[in-house]
Amino acid sequence: MNARGGQHTRVARRPVHGVLLLDKPLGWSSNDILQKVKWLLRAEKAGHTGTLDPLASGVLPLCFGAATKFSQLQLDADKTYEAVMCLGIKTSTADAEGEVIETRPVAVSPEDVAQVALRFTGPISQVPPMHSALKKDGKALYEYARAGIEIDRAPRQVMIYKLNMALALDSKAQVAINLEVTCSKGTYIRTLGEDIGEALGCGAHLSALRRVGTGGYTAAQCVTLAALQAMSEEERLACLLPVSSLLPDHTVVTLDDENAARFSSGLLRRGPWPDAPQVAVYAENGQVLLGTAQVVAGELIPGRLLSPTDIEQMTQAI
């Protein structure tokens, strides 16, 4: 049985390399959806780039094969979300999944919303929610929360680059705020919504959450699970973006065959390159990705290297 209760027949796995941008549906955990897509692609190796809650939808980059070596870059990337905050109702989890723990009257003007938006733009401090995957003594905080145990959490600094808020009515005709936020890694949108609700004096919880961008990837590039399931195997593979799509801001260095072989063995290379902290290194006239590096004082210092097997398989696919 698979994680969603369906029967999965055993399939012959194969090497698959690249990034699939999935529009994660509601109700699925990030890991369940990863296993489903891994099965659809018959991929040997897969990983996701940071979790989206089951109650959230939107951009979830799934990494296959060689791409898994660079998935940390997406974990560290800035994110953009669209959310709906229901005002006047606080829940135990700060979203629609929790129990209602407090209700208050709502008397909020557009001017109030504009002032609070300014307060929450820029560097802010957040206390991570108990219902999160952060660990304490090897256990996730949500495990403590389910047992009714509250753990002290240290505030964390995050950055809100952009925050647009507008009063509205949600799907249940409750007074709400439509919110669009671009933020740094580690930002909890549920906590942001709850803190904004407190600042407005009425409390709030998230009733909807959608990620529309992460690290340069956008929702417009994504494929839905339903569409993916309806495709042939060849069409599914055609949805994959190259591994190099994970390295959009990296300086490009291309090596000749001799230097490429030595770099792939982990050896430093010298050349007329300016200093650069993030470098994507290629062989074969810029067609074959070898790995990442940094340049310091004319030395190309290897970082994460792809294996000879990965490189051979990716070369055959070009």
Side-chain angles (χ1 to χ4, degrees), residues 2-4 13-83 133 161-162 180-187 189 208-250 278 280 289 292 304 306 310 313-314 317-318:
N2 69 12
R4 299 290 294 179
R13 301 288 181 181
R14 58 182 171 178
V16 174
H17 301 283
V19 181
L20 189 132
L21 299 183
L22 189 79
D23 190 334
K24 189 189 88 63
L26 294 172
W28 288 71
S29 75
S30 295
N31 189 60
D32 281 351
I33 204 77
L34 172 69
Q35 297 307 322
K36 179 70 173 180
V37 176
K38 182 182 178 184
W39 181 82
L40 287 170
L41 289 174
R42 295 198 289 118
E44 289 176 345
K45 186 178 182 183
H48 58 64
T49 55
T51 59
L52 267 180
D53 289 345
L55 285 183
S57 66
V59 185
L60 184 66
L62 303 178
C63 294
F64 295 92
T68 59
K69 291 212 168 175
F70 310 111
S71 58
Q72 182 66 40
L73 295 167
Q74 273 298 309
L75 282 169
D76 295 340
D78 297 335
K79 315 286 195 296
T80 299
Y81 296 90
E82 293 175 352
Y161 299 105
K162 184 177 75 172
E180 182 185 3
V181 56
T182 299
C183 55
S184 65
K185 70 167 184 175
T187 304
I189 307 301
L209 178 62
R210 178 167 175 77
R211 187 157 70 190
V212 295
T214 173
Y217 296 131
T218 67
Q221 298 171 274
C222 292
V223 62
T224 65
L225 178 62
L228 200 66
Q229 288 176 304
M231 292 178 184
S232 66
E233 279 205 339
E234 291 73 20
E235 290 169 330
R236 289 170 189 160
L237 290 174
C239 290
L240 289 168
L241 298 176
V243 176
S244 58
S245 71
L246 289 164
L247 314 173
D249 300 323
H250 283 52
Q278 291 186 311
L289 179 68
T292 58
R304 298 207 68 114
L306 298 185
D310 287 345
Q313 291 167 350
M314 291 165 65
I318 293 175

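Just so you know, these numbers use all the heavy atoms, side chains as well, and skip hydrogens, waters and symmetry mates.
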Item checked: Any pair counted as side-chain hydrogen bond (donor to acceptor under 3.5 Å, both in side chains), so long as it reaches residues 236-246, sequence neighbours left out -> Y217-S245
Next item on the list: Can you run down the salt bridge (charged side-chain N to carboxylate O under 4.0 Å, His left out) pairs that involve residues 211-221, sequence neighbours left out, and say none if there aren't any?
Entry: none
Next item on the list: Report the residues that fulfil side chain to side chain donor-acceptor pair (under 3.5 Å) with H48, sequence neighbours left out, ordered by chain and then residue number.
Entry: none
Next item on the list: For R14, enumerate each residue passing the salt bridge (charged side-chain N to carboxylate O under 4.0 Å, His left out) test, keeping only those at least two apart in sequence or located in another chain.
Entry: E233
Item checked: Sequence-distant partners of A46, side chain to side chain contact (heavy atoms under 4.5 Å, CB included), two or more places apart -> L34, K38, F64
Check: Does any non-hydrogen side-chain atom of L40 lie less than 4.5 Å from one of Q229?
Finding: yes
Next item on the list: List the steps and the verdict of side chain to side chain contact (heavy atoms under 4.5 Å, CB included) for L237 and L41.
Entry: CA-CA 7 Å; L237 290 174; L41 289 174; 4.2 Å; yes
Check: What is the minimum heavy-atom distance between T214 and A77, and which atoms define it?
Finding: OG1-CB, 4.3 Å
Notebook entry, point to check: Can you name the residues that form a side chain to side chain contact (heavy atoms under 4.5 Å, CB included) with T80, not counting sequence neighbours?
Noted result: E180, T182, V212
Notebook entry, point to check: Looking at C239 and L20, what are the two nearest heavy atoms and their distance?
Noted result: CB-CD1, 4.0 Å
Margin query: For R304, give me all partners under salt bridge (charged side-chain N to carboxylate O under 4.0 Å, His left out), at least two apart in sequence or on another chain.
Written below: none
Notebook entry, point to check: Is V243 close to D310 at the side-chain level, that is, under 4.5 Å between some pair of heavy atoms?
Noted result: no
Notebook entry, point to check: Any side-chain heavy-atom pair from Q74 and C63 closer than 4.5 angstrom?
Noted result: no
Check: What residue pairs, at least two apart or across chains, pass salt bridge (charged side-chain N to carboxylate O under 4.0 Å, His left out) with a residue in residues 18-28?
Finding: D23-R210
Checklist line | Contact check, side chains of L289 and F70, non-hydrogen atoms, under 4.5 Å | finding: yes
Item checked: Residue list, side chain to side chain donor-acceptor pair (under 3.5 Å) with E235, at least two apart or on another chain -> S232
Next item on the list: To the nearest 0.5 Å, tell me how far L22 CG sits from L225 CG.
Entry: 6.0 Å
Item checked: For the student: nearest non-hydrogen atoms of S57 and L52, plus distance -> O-CD1, 3.9 Å
Notebook entry, point to check: Heavy atoms, side chains only, cut-off 4.5 Å: are I33 and P25 in contact?
Noted result: yes
Check: Where do L246 and A67 come nearest, in terms of heavy atoms and distance?
Finding: CD1-O, 3.5 Å
Next item on the list: Only pairs at least two apart or in different chains count here, so list each salt bridge (charged side-chain N to carboxylate O under 4.0 Å, His left out) that has a residue in residues 61-81.
Entry: D76-K185
Margin query: Could you report the tightest heavy-atom contact between G47 and T68, atom names first, then the distance?
Written below: N-CG2, 3.8 Å
Check: Are any non-hydrogen side-chain atoms of L306 and H17 less than 4.5 angstrom apart?
Finding: no
Note to self: Is any side-chain heavy atom of L21 closer than 4.5 Å to one of V223?
What the structure shows: no
Next item on the list: Could you give me the CA-CA distance, side-chain angles and deciding distance for Y81 and T187, then say whether side chain to side chain contact (heavy atoms under 4.5 Å, CB included) is met?
Entry: CA-CA 11 Å; Y81 296 90; T187 304; over 6 Å; no
Notebook entry, point to check: Does any non-hydrogen side-chain atom of P54 lie less than 4.5 Å from one of D32?
Noted result: no
Next item on the list: Just jot down the side chain to side chain donor-acceptor pair (under 3.5 Å) partners of T49, sequence neighbours excluded, or say none.
Entry: none
Note to self: Restricting to salt bridge (charged side-chain N to carboxylate O under 4.0 Å, His left out), what partner residues turn up for D53, sequence neighbours left out?
What the structure shows: R190
